[in-house]
2 protein chains.
Amino acid sequence: MTKSDSETLALYFSFFNEVGIIEQLSRALFEARLPDGFLASHFAVLNHLIRVRDGQTPLVLARAFQVPKTTMTHTLSVLEKHRLIEMRPNPKDGRSKCVWLTAAGRDFRNNAIASLGPDIAEFAKQFPPDRIEALVPGLTDIRQMLDAARDED
Amino acid sequence: MTKSDSETLALYFSFFNEVGIIEQLSRALFEARLPDGFLASHFAVLNHLIRVRDGQTPLVLARAFQVPKTTMTHTLSVLEKHRLIEMRPNPKDGRSKCVWLTAAGRDFRNNAIASLGPDIAEFAKQFPPDRIEALVPGLTDIRQMLDAARDED
DNA sequence: ACTATATAGTGCGATATCGTATTATATGCA
DNA sequence: TGCATATAATACGATATCGCACTATATAGT
């Protein structure tokens with residue numbers, strides 16, 4: 001026999017609940033490794049600019065992180081204040097700007113990643129890579145579905 | 001041959017990255033179903049009071065959600081302002097209070113869950129329950145490990 | 001070209017989250 | 001008992017996030 005509707009609902013509910021708790025706990029542990037006053041949102045932008053490419057516009061970044069553009073404006077202003085990025089005019093659009101990394105921005109990101117190494121190694125002792133590999137594809141599928149659902153608005 | 005250290009690091013990194021994106025997207029979709037002005041954090045407290053039990057203290061709730069107690073004070077004050085909970089003195093401790101649900105609070109939570117039904121059903125068509133079942137145990141293990149890591153402080 | 005509409009970025013106000021400090025009460029120990 | 005310390009909740013200030021509205025520039029339709 002199959003599960004009841006309410007059991008199914010509870011199953012999905014527990015999934016999103018676990019995801020929410022893991023996000024919160026892992027973010028707190030991660031932010032404890034960042035220099036004082038910096039948050040995961042700041043790191044995320046720097047990391048994205050290195051992993052993908054810098055020179056992107058604030059709006060493109062806002063969409064990449066699924067945050068309102070006002071939020072991205074604020075995040076970028078913090079990074080710029082600390083000289084981790086530079087904002088330059090967009091030569092292709094007079095309304096727009098481009099976000100470029102500074103050397104200090106690259107260092108900040110690389111130091112943050114390096115400082116995570118021991119934590120990841122410790123975690124990997126308890127939860128080995130093959131178990132992570134078994135989870136990621138499913139999560140990626142779900143992320144893409146939710147992303148598509150958002151675009152339907 | 002085994003993966004290099006940097007490959008392993010990238011694997012764990014991608015796991016937490018996917019978790020973070022899923023949390024953000026699912027929370028946004030969920031909050032769109034809540035009455036205007038209410039956030040997932042408000043719902044989460046009401047849901048906890050029903051699922052576990054009400055009459056708990058603010059500090060116990062703060063620990064359950066892994067948030068600073070000042071954050072819980074604020075969340076509870078919002079719920080109390082809307083008459084979704086009641087704060088009463090703790091008969092066992094003069095410094096403390098107990099948080100009790102009102103009928104309106106129970107209704108709010110039940111309505112929120114009911115309004116999620118169609119969304120879950122739609123999602124279940126694309127990502128069936130057995131695939132969710134395959135993910136939850138691993139996530140639960142990870143959540144418990146992170147929880148334990150936090151307690152070591 | 002001219003005008004209407006759309007888009008990029010930001011200013012501003014509201015709420016959320018979090019750290020620090022404060023107050024009231026409880027607990028432990030001499 | 002009396003005092004030092006610990007704990008529960010909150011006040012307060014700082015920053016983050018977000019919605020709304022505004023300005024400047026670009027694009028589309030005529």
Side-chain angles (χ1 to χ4, degrees), chain A residues 20-21 23-25 27-32 34-46 55-82 84-100 150 153, chain B residues 20-21 23-25 27-32 34-45 55-82 85-100 150 153:
Chain A
I21 297 173
E23 188 278 336
Q24 187 176 15
L25 295 176
R27 182 168 42 80
L29 291 169
F30 175 47
E31 287 179 348
L34 293 180
D36 226 45
F38 288 97
L39 301 179
S41 55
H42 304 133
F43 168 85
V45 170
L46 296 178
Q56 299 184 64
T57 70
L59 188 59
V60 167
L61 292 171
R63 287 186 178 136
F65 288 103
Q66 314 292 3
V67 296
K69 53 186 182 170
T70 55
T71 300
M72 186 53 62
T73 296
H74 178 78
T75 303
L76 293 174
S77 74
V78 171
L79 295 174
E80 192 180 29
K81 188 178 63 187
H82 289 280
L84 301 177
I85 60 167
E86 280 180 13
M87 306 278 278
R88 301 184 204 152
N90 185 342
K92 296 179 181 173
D93 188 332
R95 298 166 300 181
S96 182
K97 299 181 178 177
C98 296
V99 181
W100 297 94
R150 179 190 52 88
D153 300 344
Chain B
I21 297 173
E23 187 278 336
Q24 187 175 15
L25 295 176
R27 182 167 43 80
L29 291 169
F30 175 48
E31 287 180 347
L34 293 179
D36 227 46
F38 288 98
L39 300 178
S41 55
H42 304 133
F43 168 85
V45 170
Q56 298 183 65
T57 70
L59 188 59
V60 167
L61 291 171
R63 287 186 178 137
F65 288 103
Q66 313 292 2
V67 297
K69 51 187 181 170
T70 55
T71 300
M72 186 54 62
T73 295
H74 178 77
T75 303
L76 293 174
S77 73
V78 171
L79 294 174
E80 192 180 30
K81 189 177 63 186
H82 289 280
I85 60 167
E86 281 179 13
M87 306 277 279
R88 302 184 205 152
N90 186 342
K92 297 179 181 170
D93 189 332
R95 298 165 300 180
S96 181
K97 297 182 180 177
C98 296
V99 181
W100 298 93
R150 180 190 52 89
D153 298 343

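The chains referred to below are lettered A, B, ... by the order of the sequence lines, with proteins before strands, and numbering in each begins at 1.
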Original post:
What's the CG-P distance between B:Leu59 and C:dA26, to the nearest Å?
Top reply: 15 Å
Subject >> Distance, rounded to the nearest Å, where B:Arg95 contributes CZ and D:dT10 contributes P >> reply: 13 Å
Original post:
Could you state the CZ-C1' distance from A:Arg63 to C:dA8, rounded to the nearest angstrom?
Top reply: 10 Å
Original post:
Rounded to the nearest Å, what distance is computed from the CG atom of residue B:Leu61 to the P atom of nucleotide D:dA9?
Top reply: 9 Å
**OP:** Compare side-chain N and O positions of B:His42 against OP1 and OP2 of C:dA16 and report whether any pair is under 4.0 Å apart.
**Re:** yes
Original post:
Under a 4.5 Å cut-off applied to non-hydrogen side-chain atoms, are A:Leu76 and A:Leu61 in contact?
Top reply: yes
**OP:** Please examine the side chains of A:Met87 and A:Pro58, heavy atoms only from C-beta on, and report whether any two atoms are closer than 4.5 Å.
**Re:** yes
Subject >> Pairwise side-chain contact, A:Val99 with A:Gln56, heavy-atom cut-off 4.5 Å (strictly under) >> reply: no
Original post:
So what does A:Asn90 touch, heavy atoms closer than 4.0 Å: a base, only the sugar-phosphate, or nothing?
Top reply: nothing
**OP:** Map B:Thr70 and B:Val78 onto DNA chain C by nearest heavy atom, then report which one ends up closer to the 5' terminus.
**Re:** B:Val78
**OP:** Grab the CG-P distance between A:Asp36 and D:dA14 for me, whole Å please.
**Re:** 16 Å
Original post:
Are B:Thr57 and B:Asn90 side-chain neighbours, meaning at least one heavy-atom pair lies under 4.5 Å?
Top reply: yes
Subject >> Nucleotide C:dT15, atom P - distance to CG of B:Leu39 in whole Å >> reply: 11 Å
Original post:
Just how far, in rounded Å, is P of D:dA6 from CG of B:Asp93?
Top reply: 17 Å
Subject >> B:Ser96 vs D:dA9: side-chain N/O to OP1/OP2 distance below 4.0 Å >> reply: yes
Subject >> Distance below 4.0 Å between B:Thr75 side-chain N/O and C:dA16 OP1 or OP2 >> reply: no
**OP:** Assign B:Ser77 to base, sugar-phosphate, or nothing according to its heavy-atom contacts below 4.0 angstrom with the strands shown.
**Re:** nothing
**OP:** Using heavy atoms to find the nearest nucleotide of DNA chain C for B:Gly94 and A:Pro58 separately, return the residue whose nucleotide is more 5′.
**Re:** A:Pro58
Original post:
Separation of A:Arg27 atom CZ from D:dT17 atom P, in whole Å?
Top reply: 9 Å
Original post:
Under 4.0 Å between a side-chain N/O of A:Thr73 and OP1 or OP2 of C:dT10, yes or no?
Top reply: yes
Subject >> Heavy-atom check, side chain of A:His82 versus side chain of A:Phe38, under 4.5 Å >> reply: yes
**OP:** Please check the phosphate of C:dT17 (OP1 and OP2 only) for any side-chain N or O of B:His74 closer than 4.0 Å.
**Re:** no
Original post:
Under 4.0 Å between a side-chain N or O of A:Thr71 and OP1 or OP2 of D:dC18?
Top reply: yes
Subject >> Phosphate OP1/OP2 of D:dT7: any B:Lys69 side-chain N/O under 4.0 Å >> reply: no
